[in-house]
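Written out below as structure tokens is the structure these notes cover.
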Number of protein chains: 2
Amino acid sequence: MRISELSRRSAVPTATIKFYLREGLLPPGRPTAATQAEYDETHIRRLRLIRALVGVRGLSVSAAKEVLDAVSSVKTDTHGLLGLVFGIWPASAARESGGPRVVGEPARPTGEADGTDDTSDTYAVDALVSAMGWQITEHSPARQAITQTLHTLRSLGVEYGWEDLLPYAELAARTAVLDLDQLEGQDDPLDKAERAVLLTFLLEPALLALRRLAQEAESAARHTD
Amino acid sequence: MRISELSRRSAVPTATIKFYLREGLLPPGRPTAATQAEYDETHIRRLRLIRALVGVRGLSVSAAKEVLDAVSSVKTDTHGLLGLVFGIWPASAARESGGPRVVGEPARPTGEADGTDDTSDTYAVDALVSAMGWQITEHSPARQAITQTLHTLRSLGVEYGWEDLLPYAELAARTAVLDLDQLEGQDDPLDKAERAVLLTFLLEPALLALRRLAQEAESAARHTD
DNA sequence: TAATATGGATAGTGTCACTCTCCAACTATG
DNA sequence: CATAGTTGGAGAGTGACACTATCCATATTA
């Protein structure tokens, strides 16, 4: 099929499809002439995946590209596959770790305005990880996210340590078991990778939503007793 | 203190402070003259909270305003407080529920391009909620987020129903118990509201990060067996 | 062969979170 | 009390981002 049919069938405007092609999110079609190319079902599928990651999950286009590249890079190496997928962190983390997105300002010299240090939180996360008995890559972006959260909470005067996160970590471990179980069926490494991506990224908003619902229910339950 | 000291102590540029004042995120200082106002510790605290919600959690400024307004609106009404806080959904959900953010396009008539319907997923979420025995407001934004996720997964050819979310919901329920426990100490309703906001919103990235770490660990564990 | 569609490149748009510039009204200093 | 530096407030400007629109030299279709 050509681009207009691809557009119609995927409900993505042709201009946007061209944009995704340019950004390398969508692989080019098979060229049949100088100004003609042929697309197939895989392109429709890929487009839906892109829209899901960007639109539903809210990933930036560049983050989505990272994710998709990781999925495509899976040839036969079933081994590092999941580590690769699980190691990807949405690009928004970049602006998180560097503080609020600053554009023009030449990094004002006054670093921490309140004297709190970040290093102690790094050790706290190490303690948490080893308390759970987890084998984790040294420089996982997820580690930084937790460090950041602990640091922020502390700077806001909330007493919060890694011990407080431990019970959450236990629940996260069980969540991970569920997640991995969902991948058992898939034999084709590419399908497995795609499913891992979908269940990891697309489930994130749903899991947060479940927490909210549960909070509301728990709050109601405690108030009516 | 005046704005320059507030800026120095909070590490937020004065221009940005002025912006937050204009947007209503930060309450105005006590005016001492036509072009002079006095700020205090509460403003520093509020600034840190804003930066945490916007910078760390990644809320939009308008979403942060909603959150902050909700916290401030708590006078003595300890009752609906938590429901109010838990019911807030980041503004990004708005663009999620409406599909990818479309700006110029006049809403192309071709609705669902692949024929899948959204209504069935709405019932699925109802089933999930009642299976958990949760008492939830009818039009909670969190419901929509889950509906959306189920719908997206289905449109991508992944067989996924509310039954698959049930075990996650059980874990979410336990998470909520932890969350609510953390609020028990606070007696002052305003402190309680602020703590609820912090632990709900700021913990979200950390919880997702914990899942990633747990996934990596679980994946490693399964592969070395 | 004329009307329409396509791939590719370039430029433009709307939104967002700031950031900069002005200016009249202060305040601190000599 | 003169003057240099600071404010609050308003409005315009900026850079990043995710598209979206316009061109144009082919290609295809009627």
Side-chain angles (χ1 to χ4, degrees), chain A residues 1-8 11-39 43 47 50-51 53-55 57-65 90-92 94-96 98-108, chain B residues 1-8 11-39 43 47 50-51 53-55 57-65 90-92 94-96 98-108:
Chain A
M1 80 189 83
R2 286 162 305 177
I3 202 170
S4 60
E5 190 180 348
L6 181 60
S7 167
R8 198 162 16 82
V12 176
T14 60
T16 306
I17 293 177
K18 288 183 177 184
F19 169 68
Y20 291 153
L21 285 168
R22 240 177 300 149
E23 298 293 310
L25 284 172
L26 189 67
R30 183 177 54 84
T32 61
T35 67
Q36 226 79 32
E38 185 76 8
Y39 304 94
H43 290 90
L47 269 177
I50 293 170
R51 295 300 258 203
L53 291 176
V54 173
R57 173 49 233 272
L59 290 189
S60 70
V61 164
S62 62
K65 179 171 162 52
S92 58
R95 73 179 189 209
E96 283 170 20
R101 50 282 210 191
V102 176
V103 273
E105 213 183 11
R108 44 165 53 201
Chain B
M1 80 189 82
R2 285 162 304 176
I3 203 172
S4 61
E5 189 180 347
L6 181 60
S7 168
R8 198 160 17 80
V12 176
T14 59
T16 306
I17 294 177
K18 288 181 175 184
F19 169 68
Y20 290 153
L21 285 167
R22 242 178 298 156
E23 297 294 310
L25 284 174
L26 188 65
R30 184 177 52 84
T32 60
T35 68
Q36 224 80 30
E38 184 77 9
Y39 304 94
H43 290 90
L47 269 177
I50 294 170
R51 295 300 259 203
L53 291 176
V54 173
R57 172 49 233 269
L59 290 189
S60 70
V61 164
S62 61
K65 180 170 161 51
S92 59
R95 74 179 187 208
E96 284 168 20
R101 53 279 211 192
V102 176
V103 274
E105 214 183 11
R108 44 167 52 202

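Quick note on labels: first sequence line is chain A, next is B, and so on, each numbered from 1. Quick note: numbers below take in every heavy atom, side chains included, and nothing from hydrogens, waters or symmetry partners.
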Interatomic distance where [atom1] belongs to [X] and [atom2] belongs to [N] [whole Å]:
| X | N | atom1 | atom2 | value |
| --- | --- | --- | --- | --- |
| Phe19(B) | dT21(C) | CZ | P | 18 Å |
| Glu5(B) | dT7(D) | CD | C1' | 14 Å |
| Ile50(B) | dC18(C) | CD1 | C1' | 13 Å |
| Arg8(A) | dT6(C) | CZ | P | 10 Å |
| Met1(B) | dT7(D) | CE | P | 13 Å |
| Tyr20(A) | dA18(D) | OH | P | 9 Å |
| Leu53(B) | dC16(C) | CG | P | 18 Å |
| Tyr39(A) | dG7(C) | OH | C1' | 7 Å |

Partners of [X] by side-chain contact (heavy atoms from CB on, under 4.5 Å), sequence neighbours excluded?
| X | result |
| --- | --- |
| Pro31(A) | none |
| Ile17(A) | Ile3(A), Leu6(A), Ser7(A), Ser10(A), Val12(A), Leu21(A), Leu26(A), Leu47(A) |
| Pro28(A) | none |

[options]: which one has an atom nearest the side-chain heavy atoms of [X]?
| X | options | answer |
| --- | --- | --- |
| Ala37(B) | dG7(C), dA17(C), dG8(D) | dG8(D) |
| Ser60(B) | dA17(C), dC19(D), dG8(C) | dA17(C) |
| Ile3(B) | dT20(D), dA18(D), dT7(D) | dT7(D) |
| Lys18(A) | dA27(D), dC18(C), dG8(C) | dG8(C) |

* To do: Sequence neighbours left out, what pairs pass side chain to side chain donor-acceptor pair (under 3.5 Å) with at least one residue falling in residues 16-29 of chain A?
  => Tyr20(A)-Arg51(A)
* Starting from the 5' end of DNA chain C, give me the residue, Ala33(A) or Arg22(A), whose nearest nucleotide shows up first. => Ala33(A)
* To do: Please round to the nearest 0.5 Å and tell me the distance separating atom NE2 of His43(A) and atom CD1 of Ile50(A).
  => 9.5 Å
* To do: Check whether any side-chain heavy atom of Phe19(A) sits under 4.5 Å from a side-chain heavy atom of Val61(A), and report yes or no.
  => yes
* Asked: Counting only side-chain N and O atoms of Thr16(A), is one of them less than 4.0 Å from OP1 or OP2 of dA18(D)?
  -> no
* To do: Encode nucleotides 1-6 of chain D as B, S and - characters from 5' to 3', where the letter depends on protein heavy atoms closer than 4.0 Å: B to the base, S only to sugar-phosphate, - to neither.
  => ------
* To do: For Ala15(A), answer base if it contacts any base atom (sugar-phosphate contacts may also be present), sugar-phosphate if it contacts only those atoms, and nothing otherwise; contact means non-hydrogen atoms under 4.0 Å.
  => base
* salt bridge (charged side-chain N to carboxylate O under 4.0 Å, His left out) partners of Lys65(A), counting only residues at least two apart -> Asp69(A)
